[in-house]
Amino acid sequence: MILTNPYCMRTFAPIKALLMVAFMMPSQGMAKQGLNKEVEINNGLITISMADTIRNACPDISARFVEAFIFLKSLESQALTLGYDRSEIKEFINDAEEKDRVLDLAQTRLTNIGVLLDQPATYCTVGLAEIQTGSAIGKLLKAK
């Protein structure tokens, strides 16, 4: 009787939604694949690296350090949600090989959007375009 009564079904709808969300969320027991395999986290780190490379190469652009810090903390929070602990995150962030890997990917992506590595002015052109469009990279930068 309860399950066929439409009024009772409405009562159970929020509970059903909560259960679905709970089952879809990653848990501590899920197998971790390694931070270097977590696509969203790596894309975020590459974005930060791209913005940092642009601001270091272009004297007309500086960083929005608060936004970059908030973005970095959101990546850390995401990693914690995926079941990584702070020591794993710190080890990953400080690993020299991982830093080189992320920087190489950032430079590749920069060349894909118009940066010519041997022409410093192209960093400014790309950086200003990213700022103007409000891209993820542009949100981490500001024109001086």
Side-chain angles (χ1 to χ4, degrees), residues 2-3 6 8-144:
I2 291 175
L3 295 177
C8 291
M9 291 179 96
R10 280 190 220 141
T11 303
F12 289 111
I15 295 169
K16 183 179 175 185
L18 284 172
L19 287 173
M20 287 180 65
V21 168
F23 285 117
M24 291 171 45
M25 289 181 65
S27 69
Q28 297 287 5
M30 291 180 72
K32 297 181 289 189
Q33 55 183 337
L35 280 165
N36 64 348
K37 303 264 191 292
E38 299 291 349
V39 175
E40 286 186 48
I41 291 172
N42 278 271
N43 283 336
L45 292 172
I46 293 165
T47 297
I48 290 170
S49 184
M50 290 170 74
D52 192 49
T53 301
I54 289 169
R55 73 145 182 123
N56 284 322
C58 178
D60 299 330
I61 295 177
S62 62
R64 293 183 183 273
F65 289 108
V66 173
E67 286 83 351
F69 179 77
I70 291 168
F71 185 55
L72 194 56
K73 285 306 221 178
S74 75
L75 295 175
E76 178 185 32
S77 177
Q78 191 174 5
L80 290 168
T81 300
L82 291 170
Y84 297 94
D85 61 41
R86 293 191 191 283
S87 64
E88 289 174 300
I89 296 167
K90 185 177 179 179
E91 183 179 319
F92 175 70
I93 294 296
N94 292 326
D95 185 284
E97 288 180 22
E98 289 299 329
K99 286 180 184 180
D100 289 343
R101 181 186 66 81
V102 169
L103 182 58
D104 287 345
L105 291 169
Q107 288 176 338
T108 299
R109 289 188 187 181
L110 284 170
T111 59
N112 289 341
I113 60 173
V115 168
L116 302 173
L117 300 177
D118 60 338
Q119 296 180 21
T122 61
Y123 289 90
C124 294
T125 303
V126 168
L128 292 171
E130 294 294 319
I131 292 167
Q132 191 163 21
T133 62
S135 71
I137 298 165
K139 290 177 183 177
L140 302 174
L141 300 170
K142 63 182 174 184
K144 289 183 180 176

Mind checking the [atom1]-[atom2] spacing from [X] to [Y]? Nearest 0.5 Å is all I need.
{"X": "Ile131", "Y": "Leu140", "atom1": "CD1", "atom2": "CG", "value": "10.0 Å"}
{"X": "Lys144", "Y": "Ile61", "atom1": "NZ", "atom2": "CD1", "value": "9.5 Å"}
{"X": "Leu105", "Y": "Ser49", "atom1": "CG", "atom2": "OG", "value": "9.0 Å"}
{"X": "Leu110", "Y": "Leu116", "atom1": "CG", "atom2": "CG", "value": "11.0 Å"}
{"X": "Asp52", "Y": "Thr47", "atom1": "CG", "atom2": "OG1", "value": "12.5 Å"}
{"X": "Ile113", "Y": "Ile54", "atom1": "CD1", "atom2": "CD1", "value": "5.5 Å"}

Could you tell me whether Glu91 atom CD has more than 12 heavy atoms of other residues or ligands within 6.0 Å of it?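 Counting other residues, nucleotides and ligands, CD of Glu91 stays at 12 neighbours or fewer.
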
Heavy atoms of other groups near Lys37 NZ, more than 12 under 6.0 Å: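 No, not enclosed.
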
I'd like to know if the side chain of [X] reaches the main chain of [Y], judged simply by a donor and an acceptor atom lying under 3.5 Å from each other, with no hydrogens or angles considered.
{"X": "Thr108", "Y": "Asp104", "value": "yes"}
{"X": "Glu88", "Y": "Asp85", "value": "yes"}
{"X": "Ser77", "Y": "Ser74", "value": "no"}

Test: side-chain hydrogen bond (donor to acceptor under 3.5 Å, both in side chains). Region: residues 60-70. Which pairs qualify, not counting sequence neighbours?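 Pairs touching residues 60-70 that pass the test: none.
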
Between [X] and [Y], which heavy-atom pair has the shortest distance, and what is it?
{"X": "Ala63", "Y": "Arg55", "value": "CB-CD, 3.5 Å"}
{"X": "Leu141", "Y": "Ala51", "value": "CD2-O, 3.3 Å"}
{"X": "Gly114", "Y": "Val126", "value": "C-CG2, 3.8 Å"}
{"X": "Glu76", "Y": "Ile89", "value": "O-CD1, 3.9 Å"}

Only pairs at least two apart or in different chains count here, so list each salt bridge (charged side-chain N to carboxylate O under 4.0 Å, His left out) that has a residue in residues 105-122.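 Found none.
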
Taking it one step at a time, do Leu45 and Ile93 satisfy side chain to side chain contact (heavy atoms under 4.5 Å, CB included)? CA-CA 9 Å; Leu45 292 172; Ile93 294 296; 4.2 Å; yes

Taking it one step at a time, do Leu117 and Tyr123 satisfy side chain to side chain contact (heavy atoms under 4.5 Å, CB included)? CA-CA 8 Å; Leu117 300 177; Tyr123 289 90; 3.2 Å; yes

Are [X] and [Y] packed together at the side-chain level, in the sense that at least one heavy-atom pair is separated by less than 4.5 angstrom?
{"X": "Leu75", "Y": "Ile48", "result": "yes"}
{"X": "Tyr84", "Y": "Glu38", "result": "yes"}
{"X": "Gln107", "Y": "Thr111", "result": "no"}

The test is side chain to side chain contact (heavy atoms under 4.5 Å, CB included); show your working for Leu82 and Leu35 and say whether it passes. CA-CA 10 Å; Leu82 291 170; Leu35 280 165; 5.9 Å; no

Which residues pass the salt bridge (charged side-chain N to carboxylate O under 4.0 Å, His left out) test with Glu130, not counting sequence neighbours?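 Glu130: no salt bridge (charged side-chain N to carboxylate O under 4.0 Å, His left out) contacts found.
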
